[in-house]
Amino acid sequence: MADYEGAEDTAFVVEDVSLIIKESVEQSIGQNSYQHSKVNQWTSNVVEQCLKRLTALGKPFKYIVNCVTLQKTGAGLHMASSCFWDNSTDGSCTVRWENKTMIVIVSVFGLSI
């Protein structure tokens with residue numbers, strides 16, 4: 001049992017990361033309408049909040065956080081990422097969030113130290 005708890009303390013838990021992402025976007029953007037002049041600040045706030053909360057978990061990871069914010073206009077967006085890492089220790093989580101006027105996609109990569 002102790003070994004399992006120790007592994008959980010150092011694991012990349014997608015459910016925890018997903019919740020952090022969702023809460024960070026809600027706090028930073030909420031139900032604001034898309035405004036081009038505020039996108040840079042919102043995106044920076046989302047990334048900073050995610051990093052702050054992820055590092056507060058105290059897990060042995062280096063984190064990479066990407067955030068894309070786009071206005072809902074019907075235009076397409078295609079994203080892809082690829083990683084060469086250790087699947088037993090490293091992980092990633094991508095969350096799509098939206099309100100009436102915009103879509104936010106946040107990806108977090110956790111690389112074990």
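Computation of the quantities below employed the complete heavy-atom set of this structure, encompassing side-chain atoms and omitting hydrogens, waters and symmetry-equivalent molecules.
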- Item | More than 12 heavy atoms from other groups under 6.0 Å of NZ on K52 |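 No, because the 6.0 Å sphere around NZ of K52 holds 12 heavy atoms or fewer from other groups.
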- Query: For the side chain of K72 and the backbone of N99, is there at least one donor-acceptor N/O pair under 3.5 Å apart?
  - Reply: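 Side chain of K72 to backbone of N99, a donor-acceptor pair under 3.5 Å: yes, one is there.
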Kindly indicate whether the side chain of [X], heavy atoms from C-beta on, has any atom under 4.5 Å from the side chain of [Y].
X: Q71; Y: V39; value: no
X: V106; Y: N66; value: no
X: E98; Y: V104; value: no
X: T10; Y: F12; value: no
X: L77; Y: L70; value: yes
X: I103; Y: W97; value: no

Under a single-linkage definition using a 4.5 Å side-chain heavy-atom cutoff for Ile, Leu, Val, Met, Phe, Trp and Tyr, are [X] and [Y] assigned to the same hydrophobic cluster?
X: M102; Y: V46; answer: yes
X: V47; Y: I29; answer: yes
X: L111; Y: V14; answer: no
X: L51; Y: I64; answer: no

Roughly how far, to the nearest 0.5 Å, is [atom2] of [Y] from [atom1] of [X]?
X: D16; Y: K59; atom1: CG; atom2: NZ; answer: 5.5 Å
X: E23; Y: S18; atom1: CD; atom2: OG; answer: 9.5 Å
X: E48; Y: C67; atom1: CD; atom2: SG; answer: 11.0 Å
X: C93; Y: L19; atom1: SG; atom2: CG; answer: 10.0 Å
X: L54; Y: S24; atom1: CG; atom2: OG; answer: 7.5 Å
X: I105; Y: I21; atom1: CD1; atom2: CD1; answer: 11.5 Å

- Message: Suppose we screen for side chain to side chain contact (heavy atoms under 4.5 Å, CB included). Which residues come up paired with Q41, at least two apart in sequence or across chains?
- Response: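 Counting only residues at least two positions away or on another chain, Q41 forms a side chain to side chain contact (heavy atoms under 4.5 Å, CB included) with N45.
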- Message: According to side chain to side chain contact (heavy atoms under 4.5 Å, CB included), who are the partners of S112, at least two apart in sequence or on a separate chain?
- Response: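 In terms of side chain to side chain contact (heavy atoms under 4.5 Å, CB included), with neighbours along the sequence ignored, S112 is linked to F61, T89, D90.
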- Query: What pairs meet the ring pair (Phe, Tyr, Trp, His ring centres under 6.0 Å) rule with one or both residues in residues 26-46, with sequence neighbours excluded?
  - Reply: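 Of all non-adjacent pairs touching residues 26-46, none passes ring pair (Phe, Tyr, Trp, His ring centres under 6.0 Å).
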- Task: Determine, stepwise, if the pair C50 / Y63 fulfils side-chain contact (heavy atoms from CB on, under 4.5 Å).
- Result: CA-CA 10 Å; C50 286; Y63 294 103; over 6 Å; no
- Heavy-atom closest pair, residues S92 and F109: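 For S92 versus F109, the nearest heavy atoms are CB-CD2, 3.6 Å.
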- Task: Start with the C-alpha distance between V95 and K22, add both sets of side-chain angles, then the distance that settles side-chain contact (heavy atoms from CB on, under 4.5 Å), and finish with yes or no.
- Result: CA-CA 7 Å; V95 172; K22 289 174 188 173; 3.9 Å; yes
- Could you go step by step and tell me if T101 and S33 meet the side-chain hydrogen bond (donor to acceptor under 3.5 Å, both in side chains) rule? CA-CA 6 Å; T101 61; S33 293; 4.5 Å; no
